[in-house]
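Notes to accompany the following structure.
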Amino acid sequence: MASTTVDSGRGPRPSPRKGRKFRGPGSVGPFGLGVAVLWLSIIVLLPLAALTVKSFDDGLAGFWDAVTEPRAVATFKVTLQVSVAAAVINLVLGTLIAWVLVRDEFPGKRFVNALIDLPFALPTIVASLVLLSLYGPASPIGLVFNATKPAVVVALLFVTLPFVVRAVQPVLIELDREVEEAAASLGANNWTIFRSIILPVLLPSVLSGTGLAFARAIGEFGSVVLIGGNIPGDTQIASQYIRELIEYDQPVDAAAISVVLLALAFVVLFVLRVVGNRLARREEQIR
């Protein structure tokens with residue numbers, strides 16, 4: 001017979017049975033967990049496994065030759081350069097835009113807030129066409145720099161900006177303004193308040209958004225097709241090189257390049273997630 005415990009004013013109640021795990025409100029249980037794992041496997045894990053297996057059809061030596069071929073190495077360098085540049089720029093400007101949207105009031109704020117999500121909805125090839133119309137040979141503003149690395153960076157900035165803004169914005173909304181006001185009343189200037197109070201709280205979300213922006217950038221294709229020029233060794237990024245390999249009937253080499261990109265994106269996201277979690281735990285301990 002199960003033992004009972006007495007809760008003052010409420011009478012006896014059954015105590016939890018030994019060996020039975022308590023599931024809190026909202027728990028989906030074994031069935032829900034099974035469905036989630038199955039769906040994740042079908043949509044993500046199985047395709048990635050198939051791609052990895054395909055990349056080794058020519059053996060380990062064939063994989064290594066594909067990813068170390070001079071054209072491939074040059075493409076990786078260009079991809080990393082433009083992706084890091086776009087991620088770093090959006091780290092700063094995306095955080096600034098999120099700050100303005102949360103802390104400032106101005107006419108058209110709702111429109112601007114909705115505009116941030118446009119790259120999510122707009123087909124990326126349309127973005128490339130728009131950028132080419134604006135910065136191409138027939139530029140209405142006289143600014144021509146298509147088929148250059150800056151053009152590729154601009155295209156990547158366009159498609160990756162929302163990742164940083166939408167990662168930082170909710171944290172800023174939930175930030176306790178009373179702590180900032182107390183610091184200001186004690187004589188702290190704006191920079192000290194930002195560096196000591198706001199930045200430690202924002203940093204995990206900033207890193208998360210920047211990691212997502214970088215991961216999106218290294219795999220981007222549509223937005224750079226027209227504006228980038230696809231010049232080997234100069235503006236050709238990895239996704240364009242993969243398409244070229246497919247067109248020349250080299251699917252194994254294309255799969256090898258894809259696996260490298262996937263591994264790079266995973267490592268960057270994993271490292272930033274670990275760093276972000278540690279910073280968040282440290283901030284909670286300080287509080």
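Heads up: numbering here begins at 1 and tracks the sequence.
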Inspect the contact between Asp104 and Lys109 and indicate whether a charged nitrogen and a carboxylate oxygen are less than 4.0 angstrom apart.
-> no

Decide, yes or no, whether a salt bridge links Glu220 with Arg216 under the criterion of side-chain N to carboxylate O below 4.0 Å.
-> yes

If we only count heavy atoms from C-beta on, is the [X] to [Y] side-chain gap below 4.5 Å?
X	Y	value
Val164	Val168	yes
Phe158	Val130	no
Thr235	Val78	no
Val154	Tyr135	yes
Val88	Val84	yes
Leu175	Glu180	yes
Leu80	Leu264	yes
Ile125	Phe221	no

According to a 4.5 Å side-chain heavy-atom criterion applied to Ile, Leu, Val, Met, Phe, Trp and Tyr, with indirect links allowed, do Leu129 and Val159 form part of one hydrophobic cluster?
-> yes

Can you get from Val268 to Phe270 by hopping between Ile, Leu, Val, Met, Phe, Trp and Tyr side chains that sit under 4.5 Å apart?
-> no

Determine the minimum heavy-atom distance between [X] and [Y], stating which atoms define it.
X	Y	value
Ser258	Leu51	CB-CD2, 3.8 Å
Pro47	Ser41	CD-O, 3.9 Å
Pro200	Phe194	CD-O, 4.3 Å
Leu157	Ala86	CD2-O, 3.4 Å

Crowding at OH, Tyr248 (>12 non-hydrogen neighbours, <6.0 Å) = no

Crowded around Arg273 CZ? As in, over 12 foreign heavy atoms under 6.0 Å?
-> no

In Å, rounded to the nearest 0.5 Å, how long is the span from [atom1] of [X] to [atom2] of [Y]?
X	Y	atom1	atom2	result
Thr160	Asn90	OG1	CG	4.0 Å
Glu69	Phe76	CD	CZ	10.5 Å
Thr75	Ile242	OG1	CD1	9.5 Å

Taking the six-membered ring for Trp, are Phe56 and Phe63 parallel (under 30°), tilted (30 to 60°) or perpendicular (over 60°)?
-> parallel

State whether the side chain of [X] and the backbone N or O of [Y] hold a donor-acceptor pair below 3.5 Å, judged by distance alone.
X	Y	answer
Thr148	Phe145	yes
Ser139	Leu134	yes
Gln250	Asp253	no
Ser128	Ser223	yes
Ser208	Ser205	no

From the options Asp117, Leu93, Asn113, Leu101, select the one residue that forms a side chain to side chain contact (heavy atoms under 4.5 Å, CB included) with Val165.
-> Leu101

Shared-cluster residues of Leu212, by chain and number - hydrophobic side chains joined below 4.5 Å = Phe120, Phe163, Leu269

Would you please name every residue forming a salt bridge (charged side-chain N to carboxylate O under 4.0 Å, His left out) with Arg243, sequence neighbours left out?
-> Glu247

Say whether Glu244 and Gln236, considering side chains only, have a donor N or O and an acceptor N or O under 3.5 Å apart.
-> yes

